[in-house]
Peer 1: 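Encoded as structure tokens, here's the structure I'll be asking about.
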Amino acid sequence: MKYDKVLFYPFRKDSTYIHRKETLNHNLGYPINVCYEHHAALAPLLQFYLNNCGDPFTENTIDFHSKDFEVAVLDWFAQLWEIEKDEYWGYITNGGTEGNLHGLLIGRELHPTGIIYASKDSHYSVFKAARMYRMELETINTLFNGEIDYADLRSKLLLNKNKPAIINVNIGTTFKGAIDDLDLILQILKKCGYSNDKYYIHCDAALYGLIIPFIQHAKTITFKKSVGSVSISGHKFLGCPMPCGIQMTRKSYISSLSTKIEYIASTDATISGSRNGLAPILLWYSLCMKGRTGLQQDAKMCIENARYLKGRLHKAGISAMLNEFSIIVVFERPNDHKFIRQWQLSCTRDMAHAVVMPGITRETIDNFFKDLMHERGKWYRVGTIVPPCLADDIASQNCLCCCHKMCH
């Protein structure tokens with residue numbers, strides 16, 4: 001039939017579907033975990049329509065939902081982030097952006113005249129939230145490693161002491177994988193004269209929310225500190241075949257957003273209303289299969305492999321940087337768009353980065369490195385073009401350009 005050709009075109013053997021499957025082994029630039037078995041065990045669920053509409057903790061009159069799984073996943077994260085079951089509220093979002101939008105919206109509802117403070121290395125969704133909610137925004141400078149500039153934050157907090165502060169704290173920045181020091185930020189707020197009722201903190205832990213808790217000596221994400229909300233992406237480090245995320249806040253904060261909707265026989269305080277009912281089941285399945293031990297092993301392996309990649313780059317004289325507890329290696333931008341496309345690298349200015357996820361093995365890293373060195377020899381063979389200087393981006397101690405190599 002005519003429609004059969006249209007419908008199944010992407011799945012022909014010579015189609016882009018095969019290409020996409022093959023390129024998964026060459027995805028170094030984006031945080032995608034493809035090491036999961038959902039498709040084998042949970043494929044039968046695709047025959048069902050599952051819509052988790054409204055509040056996860058409120059029963060609907062309709063039965064085609066998976067709210068029991070959603071609450072089970074939330075309970076798991078409540079234990080991880082140290083908040084009692086009767087003290088938290090949350091839901092499974094459609095991704096990290098929705099988590100940030102929701103967290104900052106709670107901050108605005110609690111502090112209508114508040115100012116958003118976000119470092120310039122924050123995810124673009126934070127700046128999107130400021131535009132959507134028409135909120136005042138202070139963009140804070142960053143240190144060379146992508147971490148928020150604490151001196152700049154302090155000076156801007158002091159300038160705006162008459163208004164509450166809504167602070168986005170990055171638990172792993174998008175490009176450099178930098179982790180803002182939550183304890184230091186809390187100290188700065190206190191020294192600047194902000195009492196607990198004059199600020200709100202949202203933690204964007206999209207990628208690192210399932211890494212940091214399983215690393216020794218890393219500062220934990222916990223609601224025992226003065227945190228208002230935490231959000232992560234479910235499809236990143238944990239792995240899920242569709243975008244999703246977890247957003248969690250304090251139950252006492254949600255009443256101002258919660259509205260009773262007669263049409264769905266539920267209350268709703270979410271951004272999207274209708275939500276993918278498959279995602280909670282997939283996340284629950286992954287958490288059960290991996291457990292804390294499996295996540296800890298993944299975190300350890302990824303950090304070790306990231307250090308391995310950075311070491312190989314430095315040994316070859318290539319500028320590179322890796323933050324502590326990070327799985328994101330920043331290095332000089334390849335001088336060829338085809339190479340960038342082949343390895344699906346994420347680039348900005350003269351930098352590229354590789355995100356060493358659970359599916360990125362030592363063999364993958366070695367293949368990438370071998371390819372990079374082969375192509376790099378062509379790019380800089382003549383001598384008229386030299387590798388870029390990254391001293392301003394990743395600091396001179398990490399830059400191995402012709403000028404700074406002499407210093408090392």
Side-chain angles (χ1 to χ4, degrees), residues 23 26-32 95-97 100 117-131 137-149 152 168-180 204-208 211 233 236-237 243 302 306 309-310 313-314 316 318-357 360 365 368-369 371-372 375-376 379-380 385-401 403-404:
T23 56
H26 286 77
N27 176 52
L28 276 180
Y30 297 90
I32 301 171
T97 289
N100 288 339
Y117 295 83
S119 79
K120 66 179 184 180
D121 279 31
S122 299
H123 190 261
Y124 70 88
S125 59
V126 175
F127 306 100
K128 180 192 288 188
R131 291 195 303 272
L137 170 71
E138 286 282 4
T139 303
I140 312 300
N141 292 327
T142 51
L143 306 176
F144 76 87
N145 68 340
E147 203 171 337
I148 194 168
D149 186 328
D152 191 37
N168 179 75
V169 175
N170 291 308
I171 311 298
T173 55
T174 310
F175 197 82
K176 293 182 177 179
I179 299 168
D180 295 337
D204 178 4
L207 174 59
Y208 286 73
I211 299 176
S233 295
K236 290 181 180 173
F237 197 74
C302 291
L309 172 58
K310 188 232 178 181
L313 292 170
H314 262 200
I318 300 172
S319 301
M321 183 194 77
L322 175 66
N323 275 303
E324 187 179 20
F325 308 131
S326 179
I327 62 171
I328 297 178
V329 181
V330 182
F331 57 97
E332 67 178 44
R333 181 176 187 150
N335 194 28
D336 180 7
H337 178 73
K338 184 179 177 181
F339 181 88
I340 292 171
R341 177 71 176 171
Q342 178 188 351
W343 286 97
Q344 300 179 69
L345 299 175
S346 175
C347 302
T348 181
R349 299 190 299 279
D350 287 329
M351 297 177 288
H353 81 191
V355 187
V356 183
M357 297 294 284
I360 304 300
I365 292 170
F368 166 73
F369 180 77
D371 197 12
L372 175 65
E375 295 300 318
R376 198 169 181 266
W379 304 333
Y380 305 122
I385 302 175
V386 295
C389 173
L390 298 185
D392 290 341
D393 290 309
I394 62 175
S396 57
Q397 63 262 35
N398 296 306
C399 181
L400 296 177
C401 71
C403 297
H404 291 95

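The analysis underlying the following values was restricted to heavy atoms, covering all of them including side chains, and did not include hydrogens, waters or symmetry mates.
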Peer 1: Does a side-chain heavy-atom distance below 4.5 Å link Ser233 with Pro243?
Peer 2: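 Answer no - side chains too far apart.
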Peer 1: Of the non-hydrogen atoms in Pro388 and Glu332, which two are nearest, and what is the gap between them?
Peer 2: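 The answer is CG-CB, 4.1 Å.
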Peer 1: Just to verify, what does Asp393 make a salt bridge (Lys or Arg N to Asp or Glu O under 4.0 Å) with, not counting sequence neighbours?
Peer 2: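 Partners of Asp393 under the salt bridge (Lys or Arg N to Asp or Glu O under 4.0 Å) test: Arg349.
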Peer 1: In the structure I gave you, are the side-chain heavy atoms of Asp350 and Leu390 within less than 4.5 Å of one another anywhere?
Peer 2: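 Yes - at least one pair of side-chain heavy atoms lies under 4.5 Å apart.
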Peer 1: I need the minimum non-hydrogen distance between Val329 and Ala306, along with the two atoms involved.
Peer 2: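 Shortest heavy-atom contact: CG2-O, 3.5 Å.
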Peer 1: With rounding to the nearest 0.5 angstrom, report the CG to CD1 distance, Leu322 to Ile327.
Peer 2: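 So the gap between those two atoms works out to 10.0 Å.
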Peer 1: Which value, rounded to the nearest 0.5 Å, describes the distance between Leu28 atom CG and Gln344 atom CD?
Peer 2: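 Going from CG on Leu28 over to CD on Gln344, the span is 8.5 Å.
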Peer 1: Would you compute the distance between atom CG of Asn398 and atom CD1 of Ile318 and round it to the nearest 0.5 angstrom?
Peer 2: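 If I round to the nearest 0.5 Å, the distance is 14.0 Å.
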Peer 1: Is any side-chain heavy atom of Met357 closer than 4.5 Å to a side-chain heavy atom of Leu207?
Peer 2: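 Yes, side chains in contact.
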Peer 1: Any sub-3.5 Å donor-acceptor pair from Tyr208's side-chain atoms to Ala178's backbone N or O?
Peer 2: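 Not at all, since once roles are kept as given, no pair shorter than 3.5 Å links the two residues.
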Peer 1: Would a 4.5 Å heavy-atom cut-off, applied to side chains only, mark Leu400 and His314 as touching?
Peer 2: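 Heavy-atom side-chain distance check passes, below 4.5 Å.
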Peer 1: Where do Ala354 and Leu309 come nearest, in terms of heavy atoms and distance?
Peer 2: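 For Ala354 versus Leu309, the nearest heavy atoms are CB-CD2, 3.8 Å.
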Peer 1: Decide yes or no for Ile340 and Cys347: does some side-chain heavy atom of the first lie under 4.5 Å from some side-chain heavy atom of the second?
Peer 2: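 When only atoms from C-beta onward are counted, Cys347 and Ile340 do touch, with a gap below 4.5 Å.
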Peer 1: Partners of Glu375 by salt bridge (Lys or Arg N to Asp or Glu O under 4.0 Å), sequence neighbours excluded?
Peer 2: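 So Glu375 forms a salt bridge (Lys or Arg N to Asp or Glu O under 4.0 Å) with Lys378.
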Peer 1: Going by ring-ring contact (aromatic ring centres under 6.0 Å, His included), name the residues that satisfy it together with Phe175, two or more places apart in sequence or in a different chain.
Peer 2: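 Counting only residues at least two positions away or on another chain, Phe175 forms a ring-ring contact (aromatic ring centres under 6.0 Å, His included) with His353.
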Peer 1: Using every non-hydrogen atom in the two residues, find where Pro387 and Tyr380 come nearest and quote the distance to one decimal.
Peer 2: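 Minimum heavy-atom contact is N-CE2, 3.7 Å.
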Peer 1: Can you tell if the side chain of Lys236 reaches within under 4.5 Å of the side chain of Val355, non-hydrogen atoms only?
Peer 2: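 A side-chain contact is absent here, since even the closest heavy-atom pair is not under 4.5 Å.
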Peer 1: Taking only residues two or more places apart in sequence or in another chain, which ones pass side chain to side chain donor-acceptor pair (under 3.5 Å) with Arg333?
Peer 2: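 Testing Arg333 for side chain to side chain donor-acceptor pair (under 3.5 Å), a comparison that skips the adjacent residues, returns none.
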Peer 1: Who passes side chain to side chain donor-acceptor pair (under 3.5 Å) against Thr139, sequence neighbours left out?
Peer 2: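 For Thr139, no residue satisfies side chain to side chain donor-acceptor pair (under 3.5 Å) once neighbours in sequence are set aside.
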Peer 1: Provide the closest heavy-atom pair for Val330 versus Met351 in the form atom of the first, atom of the second, distance.
Peer 2: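 Taking every non-hydrogen atom into account, CG1-SD, 3.8 Å.
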Peer 1: Are Ser122 and Asn170 close enough that a side-chain donor and a side-chain acceptor fall under 3.5 Å?
Peer 2: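 There is such a pair (donor and acceptor under 3.5 Å, judged by atom type) between the side chains of Ser122 and Asn170.
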Peer 1: Please walk me through it: do Phe339 and Leu345 pass side-chain contact (heavy atoms from CB on, under 4.5 Å)?
Peer 2: CA-CA 9 Å; Phe339 181 88; Leu345 299 175; 4.1 Å; yes
Peer 1: Hey, could you give me the NE2/CG distance between His26 and Asp371, rounded to the nearest 0.5 Å?
Peer 2: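 Atom-to-atom, His26:NE2 and Asp371:CG are 7.0 Å apart.
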Peer 1: Is the side chain of Asn27 donor-acceptor paired with the backbone N or O of Tyr30 at a distance under 3.5 Å, no angle test?
Peer 2: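 Indeed, once roles are kept as given, a pair shorter than 3.5 Å links the two residues.
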Peer 1: Classify the side-chain pair Asn100/Ser125 by whether it contains a donor and acceptor separated by less than 3.5 Å.
Peer 2: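 The answer is yes; a qualifying pair exists.
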Peer 1: Check ring-ring contact (aromatic ring centres under 6.0 Å, His included) between Phe331 and all other residues, then give those that pass, not counting sequence neighbours.
Peer 2: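 Testing Phe331 for ring-ring contact (aromatic ring centres under 6.0 Å, His included), a comparison that skips the adjacent residues, returns Phe368.
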Peer 1: Could you check Asn141, Thr142, Ile140, Thr174 and say which one makes a side-chain contact (heavy atoms from CB on, under 4.5 Å) with Asp121?
Peer 2: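 The option that passes is Thr142.
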Peer 1: Under a 4.5 Å cut-off applied to non-hydrogen side-chain atoms, are Ser319 and Cys399 in contact?
Peer 2: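 In contact.
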Peer 1: Decide yes or no for Ile211 and Phe325: does some side-chain heavy atom of the first lie under 4.5 Å from some side-chain heavy atom of the second?
Peer 2: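 In short, these two side chains do not touch, never coming nearer than 4.5 Å.
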Peer 1: Test Asn168 against Asp204 for side-chain hydrogen bond (donor to acceptor under 3.5 Å, both in side chains), laying out the working first.
Peer 2: CA-CA 7 Å; Asn168 179 75; Asp204 178 4; 5.0 Å; no
Peer 1: If I compare all heavy atoms of Met321 with all of Asn323, which pair ends up nearest, and what's the gap?
Peer 2: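 Reported closest heavy-atom pair: CE-ND2, 3.9 Å.
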